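What's counted below: heavy atoms across the whole structure, side chains too, no hydrogens, waters or symmetry copies. All values reported here derive from a predicted model rather than from experimental measurement. Residue numbers run from 1 in the order of the sequence given.
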Amino acid sequence: MSLDPTTVVTLIGIVGLAAVGIGGRRRKQDGIGEWTVAKRGFGAFTTWFLQAGEAFTTFSFLGLAGIAFGGGVAACFALCYLSINLILQYFTMPRMRELGVQGGYLTQADFFTDRFRSPLLGKVVAVVGAVFLLPYLQLQITGLGMIVELATGSAAGGRLSMVLATVLTVGFVLWSGIRGIARVAYLKDFLMVIGLIVLAVGVLASLDGGLGGLFTTIREERPALLGFDQEGYDTAWFISAVVISGIGGGLGTMAHLWPPVLAAGSGRALRKNAIWLPLYQLALMIPVIVGFAGVLGLAPDSPGNAVALTLAGQTLPGWLVGLVAVAAASAAMVPSAAIIVGISSLVSRNLLGVRGDRAQLRVTHAVAIAAAGLALVLGLARPDLLSNLLLLTYGGLTQLAPAIVMGLARRVRLSATAALSGILTGVAVLSWLTFGGVDIGTVDPGLPALLANIAVTVAVEALRRRSPAVISARLGAPPGRRLGELEDEPEGRSTVPEPTERIRST
């Protein structure tokens, strides 16, 4: 691998990002609480960067430009679903934080265990969350390697960067936890905005007529890109993708999005961020424009994910390409770190049920290393192994949405049995539609799976309410209590085990 300016800048940038994360540790960590949610005192500024850092990933650099290159305006689905996300988050996230403080939640599965009074449901949610987040972690690691390979022209450099970035990311996550992620998120967002601006200026400067000339040419030569007429990117794809992604992000179905919410110092900080975070969507227009520029400057059969950095290499000097690559690498490292925290805390705390603060932290660290190592090995050896499972990530985790909505209510009126039945049905239908060769056109399979989920949830709950004594007896519930209801429990009382693991609100 030759050490050209692009490679040098990229590798130095990756090491620098990790160094910033290592500096985030402030105090000795005696338990998973400090590592996962700090002292629940992050203000709007820190929470802003944590939420933005986990929402804007390698997809922002590679995926959107690729979709615009092949599907035209269909790439704007990201702007639509992120808008839905933030509207829903304005209402849901302050409530999640409130319940988290009352119940001592550290994970998404804690919410399910406590609100539905069901450790079994909490374990199932932990499994679903970990399984569907693993391919998302592999995506970030593999995407980072692709970024470096495209920027430097070296396949060996891409593989080296995957190993280096994974080791460094795990290192600063184990050392600093969520505080380290927050520090890297500050730098990552700055680099992301600068990198996108540099990319836009370089690409548009190479076009005759600039931005206006670009779309004039597209309208004349490829008008189909300005509508929903491209193969695979029609109206059905656009609407279903917006609905599933919007619900998934807006209702907190992805486990790695919970720690920033639970670490916030107030609900007001979360509401303020939901109001102003849409400003970030302006930056997402840049890779969409770059994708359209690729239509004019690249061969039609060019890989979509390579469009942005291929154009960067054609229009920018080597050191600026390195800057863009570092910005893209940071967009992989921050979400990777958050996903590692999400998976490891779910497994150690909710699935394995490790007791004791120190023991739980040690197991969490071990699971973090194992998860990152597995994603790295799969990314190096079989980058396509989880490609189908990756399609299930958003659709699969969205199956948690109906139960989350009911759990956020002042009093939970949905039983754990109904919630569990709906989740399992949704995941089963999604898997069948994805792997069973069922032709549903371009509709996101997560949508019909979610409809089946809701139908089964309603049916099981209706059956339970008709014969509560019979259902409760079969499931071993105490006589006289309906599963999943809080009528006999005061608001705010938690059933999350090990009170010593709770973190006091500051």
Check step by step if side-chain contact (heavy atoms from CB on, under 4.5 Å) holds for Leu323 and Leu320. CA-CA 5 Å; Leu323 175 63; Leu320 274 180; 4.0 Å; yes

Tell me if a side-chain donor or acceptor on Arg117 pairs with a main-chain N or O of Asp114 at a distance below 3.5 Å. yes

For Ala419 and Leu121 the tightest heavy-atom approach is CB-CD2, 4.2 Å

Decide side-chain hydrogen bond (donor to acceptor under 3.5 Å, both in side chains) for Gln360 and Ser348; before the verdict, give the C-alpha distance in whole Å, the side-chain angles of both, and the deciding distance to 0.1 Å. CA-CA 6 Å; Gln360 195 172 89; Ser348 65; 5.5 Å; no

Does Gln399 have any side chain to side chain donor-acceptor pair (under 3.5 Å) partners at least two apart in sequence or in another chain, and if so, which? Asn453

Side chain to side chain donor-acceptor pair (under 3.5 Å) partners for Ser344, two or more places apart: none

Parallel, tilted or perpendicular: which fits the ring planes of Phe111 and Tyr105, with parallel below 30° and perpendicular above 60°? perpendicular

Has the side chain of Ser176 got a donor or acceptor atom that lies under 3.5 Å from a matching backbone atom of Ile22? yes

Measure across Val170 and Ala372 and return the closest heavy-atom pair with its distance rounded to 0.1 Å. CG2-CB, 3.3 Å

Side-chain (Arg95) to main-chain (Gly267) donor-acceptor, under 3.5 angstrom: no

Say whether, by atom type as modelled, one donor and one acceptor occur between the side chain of Ser330 and the main chain of Leu187 under 3.5 angstrom. no

Name every donor-acceptor pair, under 3.5 Å, that has one atom in a side chain of residues 123-133 and the other anywhere in the protein, sequence neighbours excluded.
residue	atom	partner	partner atom	Å
Lys123	NZ	Asn350	O	3.3
Lys123	NZ	Leu351	O	3.1

Just do the side-chain contact (heavy atoms from CB on, under 4.5 Å) check on Met254 and Tyr136 with the steps written out, would you? CA-CA 10 Å; Met254 304 183 78; Tyr136 198 41; 3.7 Å; yes

Would you list the pairs meeting ring pair (Phe, Tyr, Trp, His ring centres under 6.0 Å) in which at least one residue belongs to residues 346-371, sequence neighbours left out? Trp35-His365

Between OG1 on residue Thr92 and CD1 on residue Ile87, distance to nearest 0.5 Å: 11.5 Å

Plane angle bin for Phe45 and Tyr186 - parallel if under 30°, tilted between 30 and 60°, otherwise perpendicular: tilted

Would you check if the side chain of Thr46 reaches a backbone N or O of Phe42 as a donor-acceptor pair within less than 3.5 Å? no

Where the side chain of Gln138 meets the backbone of Leu376, is there a donor-acceptor pair that is under 3.5 Å apart? no

Side chains of Ile12 and Val15 in contact at under 4.5 Å (non-hydrogen atoms): no

Can you tell whether the side chains of Glu461 and Arg413 come within less than 4.0 Å, N to carboxylate O? no

How long is the gap from CZ on Arg115 to CG on Leu408, to the nearest 0.5 Å? 7.5 Å

Does the side chain of Pro287 come within less than 4.5 Å of Leu196's, by heavy atoms? yes

Closest non-hydrogen contact found for Leu311 with Val203 is CB-CG2, 4.0 Å

I need the His256 NE2 to Ser345 OG distance, nearest 0.5 Å. 11.5 Å

Exam field: side chain Arg97 to backbone Gly265, donor-acceptor pair closer than 3.5 Å: yes

Taking atom OG1 of Thr107 and atom CZ of Arg349, what is their separation to the nearest 0.5 Å? 6.0 Å

Hey, does the side chain of Asn85 reach the backbone of Gly250 with a donor-acceptor pair shorter than 3.5 angstrom? yes

Over all heavy atoms of both residues, which pair between Gly195 and Ala327 is shortest? Give the atoms and the distance, please. CA-CB, 4.2 Å

Do side-chain atoms of Gln140 reach the backbone of Thr57 as a donor and acceptor pair under 3.5 angstrom? no

Non-hydrogen side-chain atoms of Asn305 and Met146 separated by less than 4.5 Å: yes

Give every residue pair that meets the ring pair (Phe, Tyr, Trp, His ring centres under 6.0 Å) criterion with at least one member in residues 162-181, sequence neighbours excluded. none

Mind checking what makes ring-ring contact (aromatic ring centres under 6.0 Å, His included) contact with Phe190, not counting sequence neighbours? none

With side chains defined as the heavy atoms from C-beta onward, is the minimum distance between Leu79 and Leu284 less than 4.5 Å? yes

Out of curiosity, Leu86 CG to Met93 CE, how far, rounded to the nearest 0.5 Å? 8.5 Å

I'd like to know whether Ile32 forms a side-chain contact (heavy atoms from CB on, under 4.5 Å) with Asp357, so could you lay out the CA-CA distance, the side-chain angles of the two residues, the decisive distance to 0.1 Å, and finally the verdict. CA-CA 6 Å; Ile32 190 178; Asp357 291 340; 5.7 Å; no

With rounding to the nearest 0.5 Å, note down the distance linking CD1 in Ile14 to CE in Met162. 11.5 Å

Of all heavy-atom pairs between Ala368 and Ile340, which one has the smallest distance, and what is that distance? CB-CG2, 3.5 Å

In the structure I gave you, are the side-chain heavy atoms of Val73 and Phe292 within less than 4.5 Å of one another anywhere? yes

Does Val443 offer a backbone N or O that forms a donor-acceptor pair with the side chain of Ser240 under 3.5 Å? no

Quick one: are Leu106 and Leu262 in side-chain contact, heavy atoms under 4.5 Å? no

Set out, in order, the CA-CA distance, both residues' side-chain angles and the distance that settles side-chain contact (heavy atoms from CB on, under 4.5 Å) for Ile247 and Leu450, then state yes or no. CA-CA 10 Å; Ile247 292 175; Leu450 181 61; 4.0 Å; yes

Looking at every heavy atom in both Thr10 and Val148, which two are closest together, and how far apart are they? CG2-CG2, 3.7 Å

Verify whether the ring centers belonging to Phe77 and Phe238 lie closer than 6.0 Å. no

Any side-chain heavy-atom pair of Ser161 and Leu144 under 4.5 Å: yes

State, with a plain yes or no, whether a side-chain heavy atom of Gln51 is found less than 4.5 Å away from one of Leu270. yes

